[in-house]
Each structure stands twice: as structure tokens, then as C-alpha cells.
Amino acid sequence: MTEGTTSAAAEGADTLTRLEQEGEIAADYLEGLLDIADLDGDIDMDVEADRAAVSIVSDSGSRDLQKLVGRDGEVLEALQELTRLAVHRETGDRSRLMLDIAGYRAKKRTELSELGAKAAAEVRNTGEAVKLEPMTPFERKVVHDAVKSAGLRSESEGEEPQRFVVVLPA
């Protein structure tokens with residue numbers, strides 16, 4: 001192994017350790033919130049795409065966790081920001097942690113990927129740009145990725161909270 005390969009491997013291990021630590025801090029914080037709210041849920045941790053991913057799931061199929069998702073994921077977004085702040089307070093580093101509750105983001109990711117693919121197909125058929133409805137940064141990222149995998153390009157336009165994706169012809 002060369003020196004460059006060794007340092008790259010060490011850096012990758014350091015990043016993984018840091019992301020796992022973020023997940024642990026987030027899990028502790030979220031368990032405290034679940035206790036305070038008297039809600040049942042299990043915490044799953046993973047590392048996906050260079051960011052810590054934490055999920056709150058329930059075996060009971062209870063709708064209680066839906067309270068933590070809120071309308072259109074608004075409560076979930078707020079909890080994610082609070083969890084990122086808790087991680088920042090402990091580590092001193094900005095966190096890009098992703099939080100999912102009751103599979104909401106996973107389901108949303110599937111829907112948005114389909115929306116991006118459908119918009120890309122429409123642009124291919126008409127040759128004209130397609131503007132989508134305003135979305136959160138997470139939602140826009142999923143759509144951008146779907147459009148890119150369809151072989152087209154897209155851009156975000158507008159100002160938050162009315163920022164939206166425009167799918168462009170090749």
C-alpha cells in the first residue's frame with residue numbers, strides 16, 4: 001500500500017467513525033424526545049451517502065409516530081434541525097444528518113424519484129422545460145438525482161420557501 005492509499009483509507013475510517021458518533025448522539029437525543037412525548041419507537045442508525053441516517057420506526061404499526069411527521073413532513077423537518085443542533089452542540093461540527101420517521105422520507109423519496117423521471121420524460125417528448133411545484137431542499141435533491149439519472153439536467157429557481165425545480169431539455 002502506498003502512503004496516499006493508507007492516508008485515504010484512514011481518512012475514510014475517520015469519517016465513518018465521525019458519522020457513527022453523530023448517529024449515536026442523535027439517537028440519544030431522539031430517545032429522550034420519545035420518552036418526553038411518551039411515544040414508542042425504535043431508533044435505527046446507518047451511514048448513507050456520506051451522512052448519518054437515523055430512523056424512528058415502530059413495530060406496533062401505531063399512528064403515534066405520525067404526530068412526529070406532521071403535515072407534509074413539517075414536524076419531521078423541525079425535528080431534524082433540532083437533532084442536527086444537538087449533534088452540533090456535542091461535536092462542534094455542522095451535521096448533515098438525515099432523519100426519517102415511520103418511513104415517511106423513504107416513501108417520499110420513491111414518489112419524488114417517480115416525479116423526476118416523469119418530468120424528464122415529458123421534457124424529452126415536448127422539448128420544453130418543465131417547472132415543478134415548490135419543494136424542500138431534500139425533495140429538490142431527490143428530483144435532481146432522478147432527472148440526472150434520466151440523462152437530463154435540472155436547476156433550482158426561486159427563493160425559499162418557494163424554491164422549485166426546473167427540468168431542462170438536453
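Residues: numbered from 1 along the sequence shown.
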Joint hydrophobic cluster, [X] plus [Y], side-chain heavy atoms closer than 4.5 Å:
{"X": "Ile25", "Y": "Leu85", "value": "no"}
{"X": "Leu30", "Y": "Met98", "value": "no"}
{"X": "Leu97", "Y": "Val57", "value": "no"}
{"X": "Val87", "Y": "Leu34", "value": "no"}
{"X": "Val47", "Y": "Phe138", "value": "no"}

Nearest-0.5 Å distance, [atom1] of residue [X] to [atom2] of residue [Y]:
{"X": "Ile101", "Y": "Leu76", "atom1": "CD1", "atom2": "CG", "value": "4.5 Å"}
{"X": "Asp93", "Y": "Arg84", "atom1": "CG", "atom2": "CZ", "value": "14.0 Å"}
{"X": "Leu82", "Y": "Leu33", "atom1": "CG", "atom2": "CG", "value": "7.5 Å"}

- Item | Greater than 12 external heavy atoms within 6.0 Å of Asp35's CG | yes
- Item | More than 12 heavy atoms from other groups under 6.0 Å of CG on Asp40 | no
Expected list for residues 159-170: side-chain donor-acceptor pairs under 3.5 angstrom, two or more places apart:
from: Glu160; atom 1: OE2; to: Arg140; atom 2: NH1; distance (Å): 3.1
from: Glu160; atom 1: OE2; to: Arg140; atom 2: NH2; distance (Å): 2.7
from: Arg163; atom 1: NH1; to: Gly158; atom 2: O; distance (Å): 2.7

When the side chains of residues 15-23 are checked against the rest of the protein, which donor-acceptor pairs come out under 3.5 Å, sequence neighbours left out?
from: Thr15; atom 1: OG1; to: Glu11; atom 2: O; distance (Å): 3.0
from: Thr17; atom 1: OG1; to: Ala13; atom 2: O; distance (Å): 2.9
from: Arg18; atom 1: NH1; to: Glu22; atom 2: OE2; distance (Å): 3.1
from: Glu22; atom 1: OE1; to: Ser95; atom 2: OG; distance (Å): 2.9

Beyond-backbone contact of [X] with [Y], side-chain heavy atoms, under 4.5 angstrom:
{"X": "Ile43", "Y": "Ile56", "answer": "yes"}
{"X": "Ser156", "Y": "His144", "answer": "yes"}
{"X": "Val54", "Y": "Thr83", "answer": "no"}

For a quick test of your reading: what N or O donor-acceptor pairs under 3.5 Å do the side chains of residues 102-118 make, sequence neighbours left out?
from: Tyr104; atom 1: OH; to: Asp72; atom 2: O; distance (Å): 3.4
from: Tyr104; atom 1: OH; to: Gly73; atom 2: N; distance (Å): 3.4
from: Arg105; atom 1: NE; to: Leu99; atom 2: O; distance (Å): 2.6
from: Arg105; atom 1: NH1; to: Glu77; atom 2: OE2; distance (Å): 3.1
from: Arg105; atom 1: NH2; to: Glu77; atom 2: OE2; distance (Å): 3.3
from: Arg105; atom 1: NH2; to: Gln80; atom 2: OE1; distance (Å): 2.9
from: Thr110; atom 1: OG1; to: Ala106; atom 2: O; distance (Å): 3.2
from: Ser113; atom 1: OG; to: Arg109; atom 2: O; distance (Å): 3.0

